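A short write-up of the structure that comes next.
We name chains A, B, ... by the order of the sequence lines, and we start the count at 1 in each one. Because the structure is a prediction, the values reported are computed rather than measured.
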There are 2 protein chains.
Amino acid sequence: MAKKAQSVPRREKGLSRNRIIEASIELLDSSGEGGLTFRALSERLATGPGAIYWHIASKSELLIAACDAIVARTMNAPVATNKREATPQAIIRSLALGMFDAIDAHPWVGSALIRAELQSPMVRIVERIGQQVRALGVPDEQQWEAVSALFSYILGVGGKNAANGQLARTRGIDRSEFLEAMSHVWLQLDPQEYPFVRSAAGQLRAHDDRMDFLAGINLILKGIESSRRR
Amino acid sequence: MAKKAQSVPRREKGLSRNRIIEASIELLDSSGEGGLTFRALSERLATGPGAIYWHIASKSELLIAACDAIVARTMNAPVATNKREATPQAIIRSLALGMFDAIDAHPWVGSALIRAELQSPMVRIVERIGQQVRALGVPDEQQWEAVSALFSYILGVGGKNAANGQLARTRGIDRSEFLEAMSHVWLQLDPQEYPFVRSAAGQLRAHDDRMDFLAGINLILKGIESSRRR
DNA sequence: ACCTGAACACCGTTCAAGT
DNA sequence: ACCTGAACACCGTTCAAGT
């Protein structure tokens, strides 16, 4: 009968790079970094562990590919800014927050991103930010430094959040409980040796990761601005 | 300092948390993150894998303890600044570079640091930087944001360098070869979609990680300064 | 071309048994 | 109190064999 007359949704049974990546994302989301194993994955795909190797070279490649899929979605999503003032700064803030939220939703992306250095996920992020840094009027020789700083900062916060997510999962602990406990530990420190950390213990309990993240982006943006002005 | 008159250096044969940590550092330095296994470690310590568990709860605790030992040394080292102008900014730069160099020498510290969130290694770094941010005259409510931004940035660059080190080890590839190859890949990208990355490919080949890192620290410091002035 | 699944060479961790 | 080492329950990866 008609072979391509209508949208026969690619036979469910055939394995493909894409199906493998989608299944990996589901697995990573539902059971964390440790949840992605070739055995669990092949069970979910109703196949043998060896079959996956026909489509993907290694676990590390698989993790980066899954990370890249999330980053691609995030960087291609329409930028959520007020049209009235879609300044480069506002767009950069929005892109950065997009990554923050993506990592918040998929904590494993944070650590995968770090391992994917200079590969596709980084390229996507750097490109989007880079264009806005240009639009900011930063001179050519300073653009790389500016983009690199923003990217590294996002990477750092992302990695931290990935660790948080991992910790929350393994210890089955609530984030605010954990902050409470940590704040208590900090208050216990020797006041001679740790005056700053002790005094910051209160803010630790109250702080909002997302707002702190944004504040850091704003500091870097201000730094870029005041460098440019000179 | 010397607490007691040159005591006998704790009998070589007895296991101890410290000896285990030192052996772990050697193993991590010589064969990377993957090189730290309880089997390799117990062989080096001439004991069984189970023995280590008497002194340390888990591999993750071991990794963080090893990381903390390096961070402690780094943060306690005398700050290398020109006495004449030991401004808070200069001290922060020096502390940050100290961490950069430590991670450069021990790439595994980068990824361990990320996993150690809010624990001892972070506390040491945050304290040292925090004191200088205070000395900068940043108002109380803004201190945490400033320190947090600096720390996250250091974490991000550190994580990236850890990945580099790992990559260099597994692929047995030289850093500059790798940058060369990556720069070539970037030049191949679609100019419509990736104008910025393409134009940055040249700088990628030429760039100096350490200088880029310092430039980022300076951007954040400038941002802090201009926030304060407002 | 694509898939199967047993087998290999590892892991971290536990625990009865020793000293 | 501290150590031993076999055993358990996993891993990623390979590969002859199938379709």
Side-chain angles (χ1 to χ4, degrees), chain A residues 3 8 10-25 27-28 30-67 108 111-112 115-116 163 166-167 169-172, chain B residues 8-25 27-28 30-67 108 111-112 115-116 163 166-167 169-172:
Chain A
K3 287 192 173 176
V8 181
R10 287 188 176 285
R11 53 182 189 131
E12 289 276 335
K13 295 179 66 179
L15 219 49
S16 72
R17 196 182 152 88
N18 254 325
R19 277 194 66 211
I20 294 172
I21 291 171
E22 285 311 313
S24 300
I25 291 174
L27 220 40
L28 286 160
S30 66
S31 34
E33 284 178 65
L36 180 63
T37 68
F38 279 80
R39 279 165 181 79
L41 191 56
S42 62
E43 191 180 352
R44 179 176 282 249
L45 291 166
T47 180
I52 295 163
Y53 282 89
W54 185 264
H55 302 273
I56 262 134
S58 68
K59 181 171 180 175
S60 131
E61 188 197 310
L62 179 56
L63 194 63
I64 292 176
C67 169
W108 52 272
S111 45
R115 263 173 249 150
Q166 186 62 15
L167 192 123
R169 183 182 311 280
T170 55
R171 297 212 223 167
Chain B
V8 184
R10 291 188 175 284
R11 57 187 181 125
E12 289 278 333
K13 295 181 67 180
L15 222 46
S16 72
R17 196 181 151 87
N18 255 325
R19 275 194 68 214
I20 294 172
I21 291 170
E22 286 309 314
S24 300
I25 291 173
L27 220 39
L28 286 160
S30 65
S31 32
E33 284 178 64
L36 181 63
T37 68
F38 280 80
R39 280 164 180 81
L41 191 56
S42 62
E43 191 179 353
R44 182 177 281 251
L45 292 166
T47 179
I52 295 164
Y53 281 88
W54 186 261
H55 303 273
I56 262 134
S58 68
K59 182 172 179 175
S60 131
E61 187 197 309
L62 179 55
L63 194 63
I64 292 176
C67 170
W108 53 272
S111 45
R115 263 174 248 150
Q166 187 62 13
L167 192 124
R169 184 182 309 281
T170 55
R171 297 213 224 167

DNA chain C base-pair string [pairs: Watson-Crick or G-U under 3.5 Å; |: paired with another strand]: ||.|||||...|||||.||
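Partners of B/T170 by side chain to side chain contact (heavy atoms under 4.5 Å, CB included), not counting sequence neighbours, listed by chain and number: B/Q166. Residues passing the salt bridge (Lys or Arg N to Asp or Glu O under 4.0 Å) test with A/E43, sequence neighbours excluded: none. Listed by chain and number, the residues in a side chain to side chain contact (heavy atoms under 4.5 Å, CB included) with A/R169 amount to none (sequence neighbours excluded).
Checked against A/H55 for a side chain to side chain contact (heavy atoms under 4.5 Å, CB included), the options A/I21, A/L15, A/L62 give a single hit: A/L15.
The shortest heavy-atom contact between A/C67 and A/A112 is CB-CB, 3.6 Å.
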Sequence-aligned protein contact record of nucleotides 10-19 of chain C, with B where the base is within under 4.0 Å of a protein heavy atom and S where only the sugar-phosphate is: -BBBBB----
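For B/I20 and D/dC2, the CD1 to C1' distance is 11 Å, given to the nearest whole Å. We find that CD1 of B/I56 is positioned 14 Å from P of D/dC2, with the value rounded to whole Å.
Here B/W54 does not reach the OP1 or OP2 of D/dC3: none of its side-chain N or O atoms lies under 4.0 Å away. Between A/H55 and C/dC3 there is a side-chain N or O to OP1 or OP2 distance below 4.0 Å.
A donor-acceptor distance shorter than 3.5 angstrom exists from the side chain of A/R19 to the backbone of A/G14, with no hydrogens or angles considered.
Distance check, rounded to the nearest 0.5 Å: CG of A/L45 to OG of A/S16 gives 9.0 Å.
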With a cut-off of 3.5 Å and sequence neighbours excluded, list every side-chain donor-acceptor pair involving residues 31-40 of chain B.
from, atom 1, to, atom 2, distance (Å)
B/S31, OG, B/L27, O, 3.0
B/E33, OE1, B/S111, OG, 3.2
B/E33, OE2, B/S111, OG, 3.1
B/T37, OG1, B/A40, N, 3.0

